[in-house]
Peer 1: 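What follows is a single structure, and I will ask about it in a moment.
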Amino acid sequence: ALLRRYDDMLAELREERGMLEAAFSERLDEDGREQAEAWLRDQAQALGRRQGERMRALVADMPGLAGGDGALPSTG
């Protein structure tokens with residue numbers, strides 16, 4: 001079940017990346033490089049935050065990898 005959730009997350013990430021690439025191309029043509037790159041930075045940060053939250057939730061569900069607080073165990 002956990003691997004299926006990870007595979008689903010990866011597929012969604014690839015799909016969203018494709019949508020961002022298409023939207024970036026449109027913005028590049030319409031708004032110019034500077035504005036398109038600023039928009040892409042904002043979108044990439046938001047995507048990274050969402051994916052990070054999803055990954056933390058996934059790891060929190062993995063026995064032995066996370067404590068009750070969802071943090072990864074210390075390595076030393």
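Position 1 is the first residue of the sequence, and the numbers go up from there.
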Peer 1: So, taking the atom named CG in Asp7 and the one named CZ in Arg5, what distance separates them when rounded to the nearest 0.5 Å?
Peer 2: 12.0 Å
Peer 1: Looking at Tyr6, I'd like to know if its OH atom is crowded, meaning that more than 12 non-hydrogen atoms belonging to other residues, nucleotides or ligands lie closer than 6.0 Å.
Peer 2: no
Peer 1: Does Leu40 belong to the same Ile/Leu/Val/Met/Phe/Trp/Tyr cluster as Met19, with side-chain heavy atoms less than 4.5 Å apart forming each link?
Peer 2: no
Peer 1: Which pairs with one or both residues in residues 36-48 pass side chain to side chain donor-acceptor pair (under 3.5 Å), sequence neighbours excluded?
Peer 2: Arg33-Glu37
Peer 1: What side chain to side chain donor-acceptor pair (under 3.5 Å) pairs are there with at least one residue in residues 14-23, not counting sequence neighbours?
Peer 2: Glu16-Arg50, Arg17-Glu21
Peer 1: Got a sec, which residues hit side chain to side chain contact (heavy atoms under 4.5 Å, CB included) with Glu12, two or more places apart in sequence or on another chain?
Peer 2: Arg54
Peer 1: For Glu34, look at atom CD and say whether over 12 heavy atoms of other residues, nucleotides or ligands are found less than 6.0 Å away.
Peer 2: no
Peer 1: To the nearest 0.5 Å, what is the distance between CG (Leu20) and CG (Leu13)?
Peer 2: 9.5 Å
Peer 1: Got a sec, which residues hit side-chain hydrogen bond (donor to acceptor under 3.5 Å, both in side chains) with Arg4, two or more places apart in sequence or on another chain?
Peer 2: none
Peer 1: Could you give me the CA-CA distance, side-chain angles and deciding distance for Gln51 and Met9, then say whether side chain to side chain contact (heavy atoms under 4.5 Å, CB included) is met?
Peer 2: CA-CA 8 Å; Gln51 287 301 109; Met9 283 176 41; 4.2 Å; yes
